[in-house]
Protein chains: 2
Amino acid sequence: MASKFVSKRNLEFLLYEVFDILALTKYEHYQAHDRQMFDMVMNTSLKMAEESFLPILAEMDRNPPELGGGTIKVHPNIRKIMRDFGEGGWIGSIHPEAVGGFQLPLMMDNACNFIFSAANYSAGVYPGLSKGAAGLIINFGSQELIDTYVPKLLSGEWQGTMALTEPQAGSSLTDIVTAAEPTEHGYYKMKGRKIFISAADHDGVDNIIHLMLAKIPGGPLGVKGISLFVVPKKRIGEDGKLVSNDVAASEVYHKLGYRGAPIVGLSIGENGDCRGYLVGEAHQGLRYMFQMMNEARLGVGMGAAAIASAAYYTALDYTRERPQGRKPNEKDPSKPQTPIIEHADVKRMLLFQKAVVEGSLSLIMQCSEYADLAKVETGEAKANHELLLDILTPIAKTYPSEMGIQSVSQSLQCLGGYGYCDDFPIEQYYRDARIHPIHEGTTAIHGMDLLGRKVNIQDGAAFRLYLAEVRGATERAQSIAETKPFADQLNAALDTLQQVTTHLQGLSKSAGTERYLADATLYLELFGILTIAWQWLVQGMAAQAALRKSPSASDVDFYQGKLFAMQYFFRYELPKTLGLSAVLMGDNPLTVEMDSKYLA
Amino acid sequence: MASKFVSKRNLEFLLYEVFDILALTKYEHYQAHDRQMFDMVMNTSLKMAEESFLPILAEMDRNPPELGGGTIKVHPNIRKIMRDFGEGGWIGSIHPEAVGGFQLPLMMDNACNFIFSAANYSAGVYPGLSKGAAGLIINFGSQELIDTYVPKLLSGEWQGTMALTEPQAGSSLTDIVTAAEPTEHGYYKMKGRKIFISAADHDGVDNIIHLMLAKIPGGPLGVKGISLFVVPKKRIGEDGKLVSNDVAASEVYHKLGYRGAPIVGLSIGENGDCRGYLVGEAHQGLRYMFQMMNEARLGVGMGAAAIASAAYYTALDYTRERPQGRKPNEKDPSKPQTPIIEHADVKRMLLFQKAVVEGSLSLIMQCSEYADLAKVETGEAKANHELLLDILTPIAKTYPSEMGIQSVSQSLQCLGGYGYCDDFPIEQYYRDARIHPIHEGTTAIHGMDLLGRKVNIQDGAAFRLYLAEVRGATERAQSIAETKPFADQLNAALDTLQQVTTHLQGLSKSAGTERYLADATLYLELFGILTIAWQWLVQGMAAQAALRKSPSASDVDFYQGKLFAMQYFFRYELPKTLGLSAVLMGDNPLTVEMDSKYLA
């Protein structure tokens, strides 16, 4: 049997005990699903992950994609994986039945993506990108675009991408210059360069469909002039056959990790023959793309937690089996050595990993549930869930990304020297995990998104909703003896978060935007720790409730484990907010006022 | 010119302005040296680092050592580097003139090692290990051992190693089983296995000399029965020629980073023909080895800071040159983009790197100065400096190792996607840096060393001396207006450290050793942050003093930069002690009492 990389029991706990995915099936949109169906979906994804993802984890890393002969050669199994995903309905999982989709709740989809990503993050990226690209066309494209591209994307025959980044612009989408010149034929002539585009060329599919941001000359400056285009690598020629569309892979990046997926530089329209097809209205591209980006950001958080999950179970196996040293109170060298999991410091490291992995996954599920509800609700309920999703997205992206690195690093540390060697997969996880604070918006960008936009949208409506959600949970937890102390602790931390927020908003008025946002990254970190504490409180309450129902012996251990991990989080992680709030409440003009020449 | 990887100005600041290396030259042992000599030594090391270390940094990483034909093939330049180091006197730098050494102060030696390690950490490991092995023979070996091995080690013809770790024992030296059977010929017959031995076989030298821990059968159990042996790969045969000594490289590890140096598994005496030569007295091996290990631990801290230094200057270069985005108060997209170093968050990340690199290096210099003084002093002064070195060694090893990883990670983050690609060296630094919390004792082991031994040695004498040193600095700093607020802040943090220590010592009595040591890693982290704050205060005072002497314009910038970095440390890093002390003062039996079965 393949070694463990996820806990199925934990996924079920989140889906059915902490959150309530079955409640979604009362809505017409999700009514085709039931528990039996969900079980089948999860079991199938576990089987696929074990049988086709996990076995090629190291191979894909050791033989990274290479450019040659006009395409990028990737692992030969990618073609089969894409087709299997297509046939199994995984690429269209969340899309409407009308276009061949499965209308699966995002909660269930993300549970499965978590399984795939934990088994082999790079392999999961290919179908995930096609899913996102298809979603954009379905939501904003014309019927002709849908008919032309969506079936091939959902079948896994063609690959979808998100083509945003450019050499001169990087994170600053304002500054993209790829041009889309209108023609009298309805299509646009595209010209430009893109960099760091995932899966933007490879030999595992028959065509690549870029969802590309570009500017129509003469349009508004900055982000207001960005439009979205479908730009295929091969377009459909007059005889119905695929012909080159003048989009070429100019380079493939050699990366620290995440090496199983090609990240590509593209030359677009070098020969003046690249056609793009406008999606929706001109100049609305960024708005459309944000829909995909927000899902992608949840996906990054999910993937980061998944890699940390795989590393955690590797560390858990190792520490149970590896005898070394003795307890501090056992000095007799003739006594046998103890498995290292019995050392308090190793337990602390493992609890940290469990707390990060399961706390992060819980937040991803929470956000997915908001998204699932917003999809089928109307009016205020819909608006509220969208606002909650808005304010939580930077956290759901960043906490797992940043803490996932720390978690994998602690997994590696549990194996000592062996963790540093490629006999175990953790050194790869350590490399793979480092991408997450960079792609889909760096941590700094999410900090500014949270403090600069999300906290203030609709005059603070999203922030108020967030506080109400968390306060609601602490109120429920206060009525239970076992969770009351943690609820009190979280309430106090929330008071601090509100004080910090008010202080910073005052600073914004008195000292300007730059000062306001200078430590936005630390504000995001503070907000993230509180948010995961909330998720642990919610999990703790669910575990406590379950324990009162005389569960089986193995379930008792599972629920007790949840309570210990909750305790760990409140005792070891939440106190980190003390230092962060002290920094944020301090009067620190340093990074704004210091001339950069003093850095040397 | 090679890109910058260290600041020579900063090394001079530490050697001549913060500390006083020239004061050492008043002692007979160091009297052959003067400023001119030191300048020459540093300039030579900079030149060698730039010309022979830096150019093969990536090559050594991309072509790691491989086992074949009875040896391990390493980069062809290693042979020349070892000989150049030998001829230049670098391997014998700190050793006595009587054996061909140079009697260089450790401060100067570590300044040079910092330069070499920043240019190419792996390359510096080879001569560094020979230096340590030679030191053990010089200090504890017979004249015959000295005459036989030291000249060849110092010339770079032979490689020295520290052979401690075994498969069944790992960090637990108590449990080593490599046997040394006495014979009537004076030598011992060696049999056993060693793992994770650095540079333990390679084709860049003519012989390998292992300084190996083993047990003489019938000796005391545990660490009290460990003896130290010289075990050459090839021994001197009856005709004076080298013949095989039955020590074989059985494997070379494939590692995440630090790939330029071979880490080797050894089979010793498989054919019953391996001879070992006892160093000093039987059963005293661990005591002897600790001398080498303590120097090696300072060396690990130095190397960790050096890698972070190289990454910092790479990030600094990049952020000055890369334009991206605009300041938060500049919304006009027609305005040019700003270099990213002007973004407050990027300045914060760079200040963090500067604070870690220069704070760590300052502590290494502080410890080196104590070691240099202890070497030439007598009586109480010597004893006190040895105690200070004792208590600071776990910190000087761990703070740079743990925070060096974070620092390199922030360097990588400054480059965004490019930091993740091998177009820049940072992805390699990120991999290289991860070894440091593992080798020469894991972070957990140093935590237990600090709290379990060092804080309590001689009834707390080392801890009292430490507090006196730091309080002495805060007292001086309180008399200067510019440093007074930081001195006050450090004093308050020291009060907290004392409270935490007293609390834990009480817990030791009331709840036992296991509870006392359960969070020793966090205690070490707390202690480390305070210690680096002290080093920043000391640097801040030196900079402030220098500014009063009308320095040159470039020096004004340098000293101002020091003051800003000090401010950064006190405002952003020292507050982390708030959370740590809250955890340590809390009553947390969790990791001791929780059954490991709940981890799942």
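Computed from heavy atoms alone, side chains included, the values below leave out hydrogens, waters and symmetry copies. Proteins get letters first, then strands, A, B, ... in listed order; numbering begins at 1 in each.
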Non-hydrogen atoms of chain B under 4.5 Å away: do they reach the side chain of [X], the backbone, both or neither?
| X | answer |
| --- | --- |
| A/Leu563 | neither |
| A/Phe196 | side chain |
| A/Tyr418 | both |
| A/Leu574 | neither |
| A/Asn10 | neither |
| A/Leu316 | side chain |
| A/Gln337 | side chain |
| A/Ala169 | backbone |
| A/Tyr312 | side chain |
| A/Pro336 | neither |
| A/Tyr258 | both |
| A/Ser409 | both |

Go through the steps for B/Glu427 and B/Tyr420 under the test side chain to side chain donor-acceptor pair (under 3.5 Å), then give the verdict.
CA-CA 6 Å; B/Glu427 67 87 23; B/Tyr420 198 65; over 6 Å; no
So, B/Glu402 and B/Thr443: side-chain donor and acceptor under 3.5 Å apart, yes or no?
yes
Using the six-membered ring wherever Trp is involved, compare the ring planes of A/Phe352 and A/Tyr568 and label them parallel, tilted or perpendicular (cut-offs 30° and 60°).
perpendicular
Mutual orientation of the aromatic rings belonging to B/His439 and B/His436 [parallel < 30°, tilted 30-60°, perpendicular > 60°]
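Answer is tilted, since the angle falls between 30° and 60°.
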Which residues satisfy the side chain to side chain contact (heavy atoms under 4.5 Å, CB included) test with A/Ala511, sequence neighbours excluded?
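With sequence neighbours excluded, A/Ala511 shows a side chain to side chain contact (heavy atoms under 4.5 Å, CB included) to A/Leu507, A/Arg515, given in chain and number order.
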Salt bridge present between A/Arg326 and A/Asp332 (N-O < 4.0 angstrom):
no
N-O pairing of A/Lys327 and A/Glu330 below 4.0 Å:
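No.
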Among [options], which residue has the highest count of heavy-atom pairs closer than 4.5 Å to chain B?
| options | answer |
| --- | --- |
| A/Gln353, A/Met448, A/Gln406, A/Lys224 | A/Gln406 |
| A/Asp422, A/Val592, A/Thr513, A/Thr165 | A/Asp422 |
| A/Asp519, A/Ile405, A/Asn329 | A/Asp519 |

Below 4.5 Å from any heavy atom of chain A, which atoms of [X] appear? Answer side chain, backbone, both or neither.
| X | answer |
| --- | --- |
| B/Ile195 | side chain |
| B/Ile263 | neither |
| B/Leu350 | both |

For residues 557-568 of chain B, the salt bridge (Lys or Arg N to Asp or Glu O under 4.0 Å) pairs (sequence neighbours left out) are A/Lys597-B/Asp557, B/Glu358-B/Lys562
Where do B/Tyr313 and B/Ser7 come nearest, in terms of heavy atoms and distance?
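For B/Tyr313 and B/Ser7, the tightest heavy-atom pair comes out as OH-CB, 3.0 Å.
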Taking all atoms of both residues into account, what is the closest heavy-atom pair of A/Ala600 and B/Lys354, and its distance?
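Taking every non-hydrogen atom into account, O-NZ, 3.3 Å.
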Are B/Leu412 and A/Ile438 side-chain neighbours, meaning at least one heavy-atom pair lies under 4.5 Å?
yes
Does the side chain to side chain contact (heavy atoms under 4.5 Å, CB included) test come out yes or no for B/Arg348 and A/Leu522, once each step is laid out?
CA-CA 10 Å; B/Arg348 185 186 59 79; A/Leu522 303 183; 3.9 Å; yes
Pick whichever of B/Arg9, B/Glu342, B/Arg431, B/Arg571 has the most heavy-atom pairs under 4.5 Å with chain A.
B/Arg571
